[in-house]
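A short write-up of the structure that comes next.
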Amino acid sequence: MLEKVQADRKNKLQKVRELGVDPYGSRYDTAEPIADVLGRFDDDGEGQSADVAGRLTLIRDMGKLIFAHIRDQGGQMQICLRKNALDERSWQLAKLLDLGDLVAAAGPLQRTRTGEITVFAERLTLLCKSLTPPPEKFHGLQDVEARYRRRYLDLMTNPESREVFDRRTEIIDHIRGKLRGRGFVEVETPMMQPIYGGAAARPFVTHHNTLDADLYLRISPELYLKRLLVGGMEKVFEINRNFRNEGLSTQHNPEFTMLELYQAYADYEVMMEITEELISSAAAHIAAPGLVRRIQSWYDHGCEPGAILMWPGGQAGFDADHKAYKVIKSGRTVLPFGDEQVDFSAPFARATYDELLREHAGVSMFDGDAAREKARELGIDESNKDDAVVVNDVFEATVEDKLIQPTFVLDYPADLCPLTRRGDDERIALRFELYMAGMEIANAYTELNDPAVQEANLRRQLRGEADGETMRVMDEDFLNALLHGMPPAGGLGIGIDRVIMLLTNSKSIRDVILFPLLRPESQ
RNA sequence: GGGGGAGUAGCUCAGUUGGAAGAGCAACGGCCUUUUAAGCCGUAGGUCGUGGGUUCGAGUCCCACCUCCCUCACCA
């Protein structure tokens with residue numbers, strides 16, 4: 001069947017050529033964004049005209065009169081093609097158009113009898129003939145696997161999907177702007193590393209032929225960014241991919257985007273302020289009415305923006321089935337995430353690791369025996385694991401999914417944190433993680449800059465960590481760098497994909513990554 | 001890897017107890033100059049995920065496998 005449709009379309013393509021028209025178009029830079037056209041239309045104005053370009057999403061052919069919807073990246077509107085308004089060749093061309101073709105139409109701009117703003121074309125230009133029909137015009141592409149594997153079809157037909165990726169870009173731009181405003185410089189450090197480190201994860205391995213050397217795709221940029229602190233770069237950040245050779249889930253993609261930043265002469269308290277500012281301001285930015293208005297034009301199918309856009313009480317809101325954004329309380333930014341309402345307003349709640357563990361598990365992080373008992377009660381295998389690993393297993397099992405509202409968890413068990421400075425109490429590390437909606441979003445510490453302690457930490461193996469998942473791979477050059485003296489510093493990592501999930505109400509990380517990793521299709 | 005769910009036309013989906021594979025959209029032919037998922041008349045389109053099995057007969061029942069989704073495990 002598909003072959004037949006493609007053959008029909010190739011026939012039409014040939015007929016287009018016989019008309020002397022290039023079916024693959026060429027430069028066309030006179031078109032105006034559709035959202036702008038709809039926005040400037042004046043009901044009392046006369047002699048208005050427009051020139052728009054985009055993909056045909058709907059065609060209603062009435063013989064000598066054709067109505068069609070044309071969509072560009074910011075909006076959709078109606079065009080009308082009439083036999084007696086076009087020259088003979090253009091009319092022949094109009095009758096050969098299919099859903100999915102890219103065209104441009106120019107002519108007078110008027111409302112139709114039923115009130116829809118419409119370009120009554122006097123010029124029609126074919127920009128690209130489409131040989132494969134688009135998905136169903138009303139339901140769009142629903143099949144989840146197809147949406148991930150053939151993202152171009154998802155983007156073409158599902159505006160709410162495009163919307164998520166537009167927001168992703170806006171959020172990352174916003175974060176970069178905030179960091180630049182604080183005097184941070186963006187750097188790029190190796191993705192391919194001879195020694196991997198900075199996190200506890202299994203790496204991907206690759207090979208450089210000329211050097212005949214195995215290299216690892218980085219699991220973290222941390223050790224390189226700290227070298228830059230040694231070199232005198234006092235405020236650095238990197239937003240880039242990390243690769244971890246681990247399982248896939250709704251919260252894990254093997255390659256994911258991480259923000260890491262380091263600030264000399266700061267500590268984890270400063271990192272908390274920065275985290276709060278980045279995330280709460282990104283949420284406020286993304287919930288701003290101006291953005292909601294622009295988005296709304298996608299759903300409007302040609303009705304003028306403004307008709308649906310004024311929300312009562314100055315609140316911004318947006319509802320399209322599963323993607324909903326709202327600013328609910330004035331002065332606070334509250335966004336829905338699934339069944340939850342998450343309040344992104346600063347300041348975020350703070351609690352120590354030990355307080356939370358006592359509250360939810362009834363044991364102290366300093367009492368290894370009690371933690372083991374609790375672990376057995378929870379069905380966690382605690383044999384052959386060090387106390388700190390058992391404690392953390394209990395923490396993850398009992399506390400994590402309770403942390404829906406933004407919460408800084410402070411002061412981790414020192415044994416879990418080889419790169420972190422100890423507190424006055426040597427058993428704790430000056431580290432926090434930020435949890436939201438039960439997900440780990442950020443991780444930061446007051447950085448360890450004592451080379452002797454750092455070396456000892458890296459040499460010590462913790463029992464209970466799986467083979468190959470330890471960060472204790474000795475990086476002599478990193479230790480040498482510390483011997484030259486690294487300023488006391490705060491370091492922060494934020495999982496960008498998860499932030500995007502929270503701010504776009506996406507329950508799966510695959511919905512915020514354009515091309516998530518799936519099993520390759522066989523044959 | 002364990003558990004649960006799904007896979008039927010290009011797309012969105014029905015398919016009863018096992019008894020002749022369906023609808024809408026898209027496509028093709030025809031009518032139609034103000035339609036809104038246009039309408040009307042007609043035509044065509046299927047390896048029912050793959051491979052076995054049970055049966056007179058399998059989209060439907062059984063087994064294995066493939067892919068995706070959810071969940072658990074894994075995972076800073």
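Computed from a prediction, not measured in an experiment: that's the story for all the values here. So that the names make sense, note that chain A is the first sequence line, chain B the second, and so on, each numbered from 1.
- Of the candidate nucleotides B/rA38, B/rU34, B/rC28, B/rC28 has the atom nearest to the side chain of A/D8.
- Taking every side-chain heavy atom of A/D61 into account, B/rC32 is the closest of B/rU35, B/rC32, B/rA37.
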Item to check | From CA spacing to verdict: side chain to side chain donor-acceptor pair (under 3.5 Å), A/T189, A/E238 | outcome: CA-CA 8 Å; A/T189 62; A/E238 179 164 8; 2.6 Å; yes
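- For A/N158 and B/rC11, the CG to P distance is 14 Å, given to the nearest whole Å.
- The side chain of A/R60 places no N or O atom within less than 4.0 Å of a non-bridging phosphate oxygen (OP1 or OP2) of B/rU35.
- When each of B/rC13, B/rA38, B/rU35 is scored by its nearest atom to the side-chain atoms of A/F67, the top-ranked nucleotide is B/rU35.
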Checklist entry - How far apart are the C-alpha atoms of A/R510 and A/N253, what are their side-chain angles, what is the distance that settles it, and do they pass the side chain to side chain donor-acceptor pair (under 3.5 Å) test? => result CA-CA 8 Å; A/R510 298 184 197 91; A/N253 195 62; 5.8 Å; no
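- To the nearest angstrom, P of B/rG30 lies 10 Å from NZ of A/K95.
- Of the side-chain N and O atoms in A/R149, one or more sit less than 4.0 angstrom from OP1 or OP2 of B/rC68.
- For A/Q6 and B/rG45, the CD to P distance is 18 Å, given to the nearest whole Å.
- At least one side-chain nitrogen or oxygen of A/T250 sits closer than 4.0 Å to the OP1 or OP2 atom of B/rU71.
- A salt bridge is absent between A/R149 and A/D143: the closest approach of a Lys/Arg side-chain nitrogen to an acidic carboxylate oxygen does not fall below 4.0 angstrom.
- For A/E116 against B/rU35, a side-chain-to-base donor-acceptor contact under 3.5 Å is absent.
- For A/V144, taking side-chain heavy atoms from C-beta onward, the closest of the listed nucleotides B/rU34, B/rU67, B/rC69 is B/rC69.
- You'll find that the side chain of A/H252 is closest to B/rC75, out of B/rU12, B/rC75, B/rU35.
- Picking from B/rC28, B/rU33, B/rC69 the nucleotide with the shortest atom distance to the side chain of A/K12 gives B/rC28.
- Among the nucleotides B/rU33, B/rC28, B/rA38, the one closest to any side-chain atom of A/K4 is B/rC28.
- The OH atom of A/Y152 sits 11 Å away from the P atom of B/rC11 (whole-angstrom rounding).
- When heavy atoms are screened at a 4.0 angstrom cut-off, A/F120 is found touching base atoms of the nucleic acid.
- For A/D143 against B/rU12, no side-chain N or O and base N or O form a donor-acceptor pair under 3.5 Å.
- Nearest to the side chain of A/P135, among B/rU33, B/rA38, B/rC11, sits B/rC11.
- For A/L65, the side-chain atoms get nearest to B/rU34 when compared with the rest of B/rA38, B/rC32, B/rU34.
- A/R510 has a side-chain polar atom (N or O) that falls below the 4.0 Å cut-off from OP1 or OP2 of B/rC70.
- Checked for salt-bridge contact, A/R111 and A/E116 miss the test: no charged N lies under 4.0 Å from a carboxylate O.
- Comparing the same atom, C1', in B/rU16 and in B/rG53 gives a spacing of 25 Å after rounding to whole Å.
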